[in-house]
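Questions regarding the structure given below will be posed in turn.
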Amino acid sequence: MQDDERSAAAGPSRRAMLAACGLIAVGGLSACGEREAEKADPEAPAGPPEGSLEWAIAGAWRAADRGRDSWRHPLETLRFFGLQPSMTVVDFWPGSGWYTEILAPYLAEGDGEYYAVGFSNGPGADPAQAALNANFEQRFGSDRRLYGEVKFSQFGATTGPVAPAGTADLVLFMRCIHSWMAAGTAEKAFADAFAALRPRGILGIEQHRLGPDQDQDPAAADGYVQEAFVKQLAAEAGFIFEAASEINANPDDTKDHPFGVETLPPRLLTAPLGSPPDPTFDSAPYREIGESDRMTLKFRKPE
């Protein structure tokens, strides 16, 4: 789709909408109200420039999700991956949309495109995953003023292309590889990402990290994956390793928790997955650890 066609499809720009004071209200305070409050207090610090990545991260629509920013480091992580506002970004298994709330407004404001690649709704689909897909599409497909024209596709064992071949500038795998290892679809995920990317496009990965001296479970049942194994999967798919960052490292994570990585925040499981919570389980030590130790890796599709 050409830029002028994409802009027409998306409707008025977010900047125009904000100027009309009709974007969003949180706690009874609209975007226009926030601006008027700033005018009333000339000493109030100016917010980040509209359309910037900082603006998207600070957005009022993220009020319920900002608590994890100190663990997930969205600004530093997305800058490390090289995100730009006019890119086409393909986000595998965005879950409930923690990163979507940043990426979709940012890309819509910059005339980029955002593909949300949800769970497969094919034969044998998990009803919980199907419900999450439906809720996600309702949430992010119904507010085009804020999120733009989000493109929805699916990934699973039998799904087709996640996006038109050779069109993506950036593909994101955010803490999903362990689930694909359990389902036997990890190799397909890397192959589908490779197909979607243009030459020199980037694959950005954030994943719970197993220690190099710890045994790798082929199904990654505890949620942790060795960095060397992720690099091997990427190389087998044809990717070239570009760089690693310790942005999301947590040296306090021992990676030997009773219910795997989900024992830690934000999930804080107190019993095996699928079992009733155990009110006698002490989660305090796991709150103290914080969120998991995670690798942050960048790969490139060759010419």
Side-chain angles (χ1 to χ4, degrees), residues 90-95 117-130 132 154-162 171-197 203-242 244-246 248-275 286 289 291-299 301:
V90 177
D91 187 7
F92 274 64
W93 281 20
V117 185
F119 306 107
S120 172
N121 283 339
D126 183 331
Q129 291 183 343
L132 189 60
Q154 296 178 7
F155 170 75
T158 60
T159 53
V162 296
V171 170
L172 297 174
F173 289 174
M174 308 302 273
R175 302 176 303 126
C176 297
I177 295 174
H178 60 288
S179 298
W180 300 331
M181 289 171 65
T185 56
E187 290 83 0
K188 182 177 185 295
F190 280 85
D192 286 2
F194 192 89
L197 282 165
L203 170 62
I205 294 176
E206 179 189 327
Q207 175 60 43
H208 312 297
R209 176 168 51 189
L210 188 66
D213 58 342
Q214 295 173 293
D215 292 334
Q216 178 68 68
D217 173 10
D222 61 2
Y224 290 97
V225 184
Q226 286 183 347
E227 190 168 315
F229 185 67
V230 173
K231 290 178 177 178
Q232 177 183 327
L233 286 170
E236 289 173 352
F239 287 100
I240 298 170
F241 174 67
E242 283 264 296
S245 171
E246 292 299 295
N248 296 301
N250 180 0
D252 294 332
D253 181 7
T254 58
K255 306 154 189 186
D256 57 357
H257 317 304
F259 315 115
V261 72
E262 304 291 358
T263 315
L264 298 175
R267 192 72 177 272
L268 289 169
L269 282 185
T270 60
L273 193 63
S275 301
Y286 305 101
I289 291 171
E291 294 200 18
S292 68
D293 176 55
R294 296 189 290 270
M295 67 185 88
T296 307
L297 307 176
K298 181 164 65 174
F299 299 88
K301 180 177 178 176

Considering all heavy atoms, the nearest Val171-Ala193 contact:
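Taking every non-hydrogen atom into account, CG1-CB, 3.7 Å.
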Would you please name every residue forming a side chain to side chain donor-acceptor pair (under 3.5 Å) with Thr296, sequence neighbours left out?
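Residues passing side chain to side chain donor-acceptor pair (under 3.5 Å) with Thr296: Asn248.
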Any chance you could measure Ser292, atom OG, to Asp222, atom CG, to the nearest 0.5 Å?
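One finds 11.0 Å between OG of Ser292 and CG of Asp222.
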Would you say Glu206's side chain and Leu297's backbone share a donor-acceptor pair under 3.5 angstrom?
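No; judged by distance alone, with no hydrogens or angles, the pair does not exist.
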Does CG in Asp215 sit with more than 12 non-hydrogen atoms of other residues, nucleotides or ligands closer than 6.0 Å?
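No, the 6.0 Å shell around CG holds no more than 12 heavy atoms from other groups.
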Do Phe119 and Phe155 have side chains that get closer than 4.5 Å, going by heavy atoms?
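Not in contact.
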Restricting to side chain to side chain donor-acceptor pair (under 3.5 Å), what partner residues turn up for Thr254, sequence neighbours left out?
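Thr254 satisfies side chain to side chain donor-acceptor pair (under 3.5 Å) with Asp256 once adjacent residues are dropped.
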Quick one, Lys301 and Leu203 - any side-chain contact, counting heavy atoms below 4.5 Å?
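Lys301 vs Leu203: side chains apart.
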Where do Gln216 and Val225 land on the side-chain contact (heavy atoms from CB on, under 4.5 Å) test, with the steps shown first?
CA-CA 7 Å; Gln216 178 68 68; Val225 184; 3.8 Å; yes
With sequence neighbours excluded, tell me which residues meet side chain to side chain contact (heavy atoms under 4.5 Å, CB included) with Ala249.
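With neighbours one apart ignored, the set is Arg209, Glu246, Asp293.
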What is the distance from atom CG of Leu172 to atom CZ of Phe92, rounded to the nearest 0.5 Å?
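One gets 10.0 Å once the value is rounded to the nearest 0.5 Å.
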Sequence neighbours left out, what passes salt bridge (charged side-chain N to carboxylate O under 4.0 Å, His left out) with Glu236? Give chain and number order.
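Applying salt bridge (charged side-chain N to carboxylate O under 4.0 Å, His left out) to Glu236 gives none.
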Asp253: partners by side chain to side chain donor-acceptor pair (under 3.5 Å), with sequence neighbours left out:
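Partners of Asp253 under the side chain to side chain donor-acceptor pair (under 3.5 Å) test: Tyr224, His257.
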Go through the structure and list residues passing side chain to side chain donor-acceptor pair (under 3.5 Å) with Lys188, not counting sequence neighbours.
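Side chain to side chain donor-acceptor pair (under 3.5 Å) check on Lys188 returns Thr159, Asp192.
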Who are the side chain to side chain contact (heavy atoms under 4.5 Å, CB included) partners of Ala237, not counting sequence neighbours?
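Side chain to side chain contact (heavy atoms under 4.5 Å, CB included) check on Ala237 returns Phe190, Phe239.
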Taking only residues two or more places apart in sequence, or in another chain, which ones meet Lys231 in a salt bridge (charged side-chain N to carboxylate O under 4.0 Å, His left out)?
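Lys231 satisfies salt bridge (charged side-chain N to carboxylate O under 4.0 Å, His left out) with Glu227 only.
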Tell me the salt bridge (Lys or Arg N to Asp or Glu O under 4.0 Å) pairs involving residues 257-270, sequence neighbours left out?
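Residue pairs passing salt bridge (Lys or Arg N to Asp or Glu O under 4.0 Å), neighbours aside: Glu262-Arg267.
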Tell me if a side-chain donor or acceptor on Lys298 pairs with a main-chain N or O of Gly204 at a distance below 3.5 Å.
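No.
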List for me each residue that meets side chain to side chain contact (heavy atoms under 4.5 Å, CB included) alongside Pro258, sequence neighbours excluded, and say none if there are none.
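Scan of Pro258 (side chain to side chain contact (heavy atoms under 4.5 Å, CB included), adjacent residues dropped) gives Thr263, Phe281, Tyr286.
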Apply side chain to side chain contact (heavy atoms under 4.5 Å, CB included) to Glu291 and list each qualifying residue two or more places apart in sequence or on a separate chain.
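Partners of Glu291 by the side chain to side chain contact (heavy atoms under 4.5 Å, CB included) criterion, ordered by chain and then number, come out as Arg68, Trp71, Arg72, Pro265, Pro266, Arg294.
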Sidechain-backbone polar pair: Asn250 side chain, Ile289 backbone, donor-acceptor under 3.5 Å:
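Such a contact is found between Asn250 side chain and Ile289 backbone.
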Hey, can you pull the donor-acceptor pairs under 3.5 Å for the side chains in residues 178-187, sequence neighbours left out?
| residue | atom | partner | partner atom | Å |
| --- | --- | --- | --- | --- |
| His178 | ND1 | Gln207 | NE2 | 3.1 |

From CH2 (Trp93) to CG (Leu132), nearest 0.5 Å:
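Nearest 0.5 Å value for the CH2-CG distance: 10.5 Å.
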Do you know which two heavy atoms are closest between Gly156 and Ser120, and how far apart they sit?
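Reported closest heavy-atom pair: CA-CB, 3.8 Å.
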Please evaluate residues Ile205 and Ile177 with respect to the criterion side-chain contact (heavy atoms from CB on, under 4.5 Å), reporting the C-alpha separation (whole Å), side-chain torsions for both, the decisive distance (0.1 Å), and the verdict.
CA-CA 9 Å; Ile205 294 176; Ile177 295 174; 3.8 Å; yes
Kindly give the heavy-atom pair with the smallest separation between Gln154 and Val162, and that separation in Å.
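Smallest heavy-atom distance, with atoms named: O-CG1, 3.8 Å.
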